[in-house]
There are 2 protein chains.
Amino acid sequence: MTIPIRVIIVDDQAMVRAGFAALLSAQSDIDVVGEAPDGRQGVEVSRSAHPDVVLMDVRMPEMDGLAAARELLDPPAGVVHRPKVLMLTTFDVDDYVYEALRAGASGFLLKDAPPADLISAVRVVAAGEALLAPSVTRRLIADFARQRPAPRKDPSLRLNGLTPRETEVLELIARGLSNQEIAGRLVLAEQTVKTHIGRILAKLGLRDRAQAVIFAYESGLVSPGS
Amino acid sequence: MTIPIRVIIVDDQAMVRAGFAALLSAQSDIDVVGEAPDGRQGVEVSRSAHPDVVLMDVRMPEMDGLAAARELLDPPAGVVHRPKVLMLTTFDVDDYVYEALRAGASGFLLKDAPPADLISAVRVVAAGEALLAPSVTRRLIADFARQRPAPRKDPSLRLNGLTPRETEVLELIARGLSNQEIAGRLVLAEQTVKTHIGRILAKLGLRDRAQAVIFAYESGLVSPGS
DNA sequence: CCCGACGTCATACCCAGGTACGACACGCCG
DNA sequence: CGGCGTGTCGTACCTGGGTATGACGTCGGG
């Protein structure tokens, strides 16, 4: 650590700011180079003091921490300085967490965490890594696991009834191709495509290609964005 | 902490096991109640020693940590014991991390982490929370942010052209309803539904309802599982 | 007050898509 | 060998869905 980590503290409670500042300043590798009582001023201070890390409270008057974080992490044209943002909150509220992470925050800590945690969090974040409160981590993992429990297991499961060729056709349906286009792509007669589709719909208990598209998405055969 | 946290250590290197055991046993609130040199034996030991937390190395002979974790976290019928699993690895490899989290692991640490981290990780995990190595956290957050940059912004963005009523119709299309069913649901003449659909397709540059379904999923208007 | 956006509906037309039935070829397996 | 699953294609039929055009009522804003 040749050069210290530059930190600013944005929180509407003066006592909290003072406490954190004292705590962090006591570290030889950390400099507190600014403070602000609300999001708007926080952004300004950050722009002029160009800190490495911004400690940002979530709930604040004037401009809340979320908006301020967004402003700092996705700055308007011309602004080159992009600090790391470490969000702080008294209670952990889901929405805030997710919004902050989406905005690009590097961490999310509860204020009741041990002081040592805050200090190490600043170091971790400054190093370009990320750190979350354990309860937040748990939730994020749960969410992650829920979203993709096994992207390639569920589909093949219910897709079992379909032959490879049928699966192939189904995927093209799910891409929005017409029967004619599918026939062209697979080098088939259009009627053959119809035959396949007929069997697909029968096997899966669907009515038309629109429902087939739904099935393809719900089963994971195709996924948004892919 | 009236009753200590029961921990077992699964790692193919005896020295590592010994080191961790010594480190953890020194804590008054942690008991090391078992060890195993590979995944298969790890599962067995876990079943008999019923620990609160299983420290599991990723890379192991016989049965790797991932498979063992899956076995412990999604046990066959009849097995009631479900310990928390804390994965350990020497280097951090993406795939392993995601697989482990999907399987339901409560944490993922690098072996080069400070000893204090391991100890607190055990406590955190035992408490039902989760904890990840900072580099892993960063990656998970990045992934999270990438997956859903703003689930309710992108859609409404391109959905802008659509009127509320049209959006409503589109959603029902994406649910697989026929025009007749949509008419019934919205208390409309079938022709009105057709009119709406015609406009929807024109505005979005789509050809038929199948493509409309795709659009609904891709834009986030509807999501798999919802 | 008039116009534009929105929502509603009608009449008419056409075709892609889905259904029904049958047929033939190929490869695998009991 | 015989049968089954799979993939291929043909003919025939029917309907749901998409297109075209026009019309009417209601709002809200300029």
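Letters go in sequence order (proteins before strands), and every chain restarts at 1. No experiment lies behind these values; they were computed from the predicted model shown.
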Applying salt bridge (Lys or Arg N to Asp or Glu O under 4.0 Å), can you list everything that pairs with [X], at least two apart in sequence or on another chain?
X: B:Arg59; result: none
X: B:Lys111; result: B:Asp11, B:Asp57
X: B:Arg175; result: B:Glu171
X: A:Glu166; result: A:Arg199, A:Lys203

Open item on the list: With heavy-atom distances below 4.5 Å as the criterion, would you say the side chains of B:Glu35 and B:Phe20 are in contact?
Closed with: no

Inter-residue atom distance [X].[atom1] - [Y].[atom2], 0.5 Å rounding:
X: A:Gln191; Y: A:His196; atom1: CD; atom2: NE2; value: 10.5 Å
X: A:Thr167; Y: A:Leu162; atom1: OG1; atom2: CG; value: 4.5 Å
X: A:Leu140; Y: A:Phe108; atom1: CG; atom2: CZ; value: 11.5 Å
X: B:Glu168; Y: B:Ile182; atom1: CD; atom2: CD1; value: 10.5 Å

Open item on the list: If you compare all heavy atoms of A:Gly104 against all heavy atoms of A:Leu73, which two are closest, and at what distance to 0.1 Å?
Closed with: C-CD1, 3.3 Å

TODO: Sequence neighbours left out, what pairs pass salt bridge (Lys or Arg N to Asp or Glu O under 4.0 Å) with at least one residue falling in residues 181-190 of chain B?
DONE: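 Listed once each, the pairs are A:Arg207-B:Glu181.
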
Open item on the list: Does either side chain, that of A:Gln211 or that of A:Asp208, offer a donor lying less than 3.5 Å from an acceptor on the other one?
Closed with: no

Open item on the list: So if I take residues 186-199 of chain B and measure heavy-atom distances to DNA chain C, which residues fall below 4.0 Å?
Closed with: B:Leu188, B:Ala189, B:Gln191, B:Thr192, B:Thr195, B:His196, B:Arg199

- [ ] Describe, as an angle rounded to 10 degrees, how the axis at the first end of the helix from C:dC1-D:dG30 to C:dG30-D:dC1 is tilted relative to the axis at the last end, five pairs per end.
- [x] 30°

Task: Residues which pass side-chain hydrogen bond (donor to acceptor under 3.5 Å, both in side chains) with A:Asn179, listed by chain and number, not counting sequence neighbours - done: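 Checked A:Asn179 against side-chain hydrogen bond (donor to acceptor under 3.5 Å, both in side chains); matches are A:Arg209.
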
Open item on the list: For a salt bridge (Lys or Arg N to Asp or Glu O under 4.0 Å) check, start with the C-alpha distance between A:Arg102 and A:Glu99, then their side-chain angles and the critical distance, and finish with the verdict.
Closed with: CA-CA 5 Å; A:Arg102 256 192 279 278; A:Glu99 285 304 316; 3.4 Å; yes

Open item on the list: Let's see if you get this right: which residues in residues 172-180 of chain B place a heavy atom under 4.0 Å from DNA chain D?
Closed with: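 Contacting residues: B:Ser178, B:Asn179.
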
Task: chain B contact limits on DNA chain D, taken 5' to 3' with a cut-off of 4.0 angstrom to heavy atoms - done: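 Taking any atom under 4.0 Å from a heavy atom of chain B, the span is D:dG17 to D:dA20.
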
Open item on the list: Just to verify, what does B:Glu129 make a side chain to side chain contact (heavy atoms under 4.5 Å, CB included) with, not counting sequence neighbours?
Closed with: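 Residues passing side chain to side chain contact (heavy atoms under 4.5 Å, CB included) with B:Glu129: A:Pro134, A:Ser135, A:Arg138, B:Val124.
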
TODO: Shoot me the first and last contacting nucleotide of DNA chain C against chain A, ordered 5' to 3', at under 4.0 angstrom to non-hydrogen atoms.
DONE: C:dG17 to C:dA20

